[in-house]
Amino acid sequence: MFGNGDMGEMMAKLQEMQSAAEDSKKKLETINVQGKSPDGNIRFVMDGNRKLKEVTFIDESLLSPENKEEIEDMLVIAFNRALEEAEYINEQEMRSSASGLFPGM
């Protein structure tokens, strides 16, 4: 069904793809993105692989019990913003990596 040359070529291409994916993953570890709450008092930092690196409360006065619901809302917003940015960076890197292997993509 497959000639030896075709199978060898396919295996080489798969190894090249695997190597490119690993290189992209390493590169994404070095890229940091952030998401902030609308008021700027809470910030999340993630790497391009969508791993949480840092959570910062800029205004510690928020940490009172009466602000619990507001803090939770701001945490969700800031985290989702960071995640969206990390996903965008990840997608761009993977697309760039794939276009090197498959020029028509």
Side-chain angles (χ1 to χ4, degrees):
M1 186 169 163
F2 293 110
N4 283 344
D6 290 341
M7 186 60 105
E9 197 174 305
M10 188 185 317
M11 291 302 292
K13 196 61 144 174
L14 286 172
Q15 287 177 336
E16 189 178 338
M17 289 171 56
Q18 185 177 19
S19 177
E22 286 298 317
D23 290 346
S24 291
K25 188 174 180 178
K26 287 178 186 174
K27 182 178 178 182
L28 288 165
E29 288 174 359
T30 67
I31 297 171
N32 288 327
V33 298
Q34 66 178 338
K36 292 183 181 180
S37 61
D39 62 5
N41 287 324
I42 299 171
R43 179 177 64 116
F44 283 92
V45 176
M46 294 183 150
D47 70 15
N49 286 320
R50 300 176 297 264
K51 299 259 193 250
L52 184 61
K53 296 294 186 179
E54 179 183 326
V55 178
T56 304
F57 290 92
I58 296 171
D59 183 355
E60 292 189 21
S61 69
L62 288 174
L63 299 177
S64 62
E66 55 272 359
N67 290 334
K68 181 183 183 300
E69 191 172 316
E70 180 184 355
I71 292 170
E72 290 169 347
D73 291 344
M74 294 300 140
L75 285 166
V76 168
I77 291 168
F79 183 82
N80 285 331
R81 286 180 176 178
L83 184 58
E84 287 170 8
E85 186 67 22
E87 286 178 346
Y88 174 78
I89 295 296
N90 188 284
E91 182 181 311
Q92 293 299 108
E93 177 59 28
M94 291 302 160
R95 184 174 290 152
S96 173
S97 179
S99 70
L101 295 171
F102 305 105
M105 288 183 78

For the atom pair [atom1] ([X]) and [atom2] ([Y]), what is the distance rounded to the nearest 0.5 Å?
X: N41; Y: E70; atom1: CG; atom2: CD; answer: 8.5 Å
X: F44; Y: N80; atom1: CZ; atom2: CG; answer: 9.0 Å
X: D23; Y: Q18; atom1: CG; atom2: CD; answer: 11.0 Å
X: I71; Y: I42; atom1: CD1; atom2: CD1; answer: 6.5 Å
X: L28; Y: K25; atom1: CG; atom2: NZ; answer: 10.0 Å
X: N32; Y: E54; atom1: CG; atom2: CD; answer: 8.5 Å

Would you confirm whether [X], through its side chain, and [Y], through its main-chain N or O, come within 3.5 Å as a donor-acceptor pair?
X: N67; Y: L63; answer: no
X: N49; Y: K51; answer: no
X: D47; Y: T30; answer: no
X: S19; Y: Q15; answer: no

Single-linkage hydrophobic cluster [X]~[Y], side-chain heavy atoms < 4.5 angstrom:
X: I77; Y: V55; result: no
X: V76; Y: M46; result: no
X: Y88; Y: F79; result: yes
X: L83; Y: I89; result: yes
X: L75; Y: V45; result: no

Nearest non-hydrogen partners of [X] and [Y], listed with the distance:
X: R81; Y: K36; answer: NH1-O, 2.9 Å
X: A86; Y: R50; answer: CB-CG, 3.8 Å
X: M74; Y: P38; answer: SD-CD, 3.5 Å
X: A78; Y: S37; answer: CB-N, 3.5 Å

*asked:* Between E72 and K68, is the salt bridge (Lys or Arg N to Asp or Glu O under 4.0 Å) condition met? List the steps.
replied: CA-CA 6 Å; E72 290 169 347; K68 181 183 183 300; 2.3 Å; yes

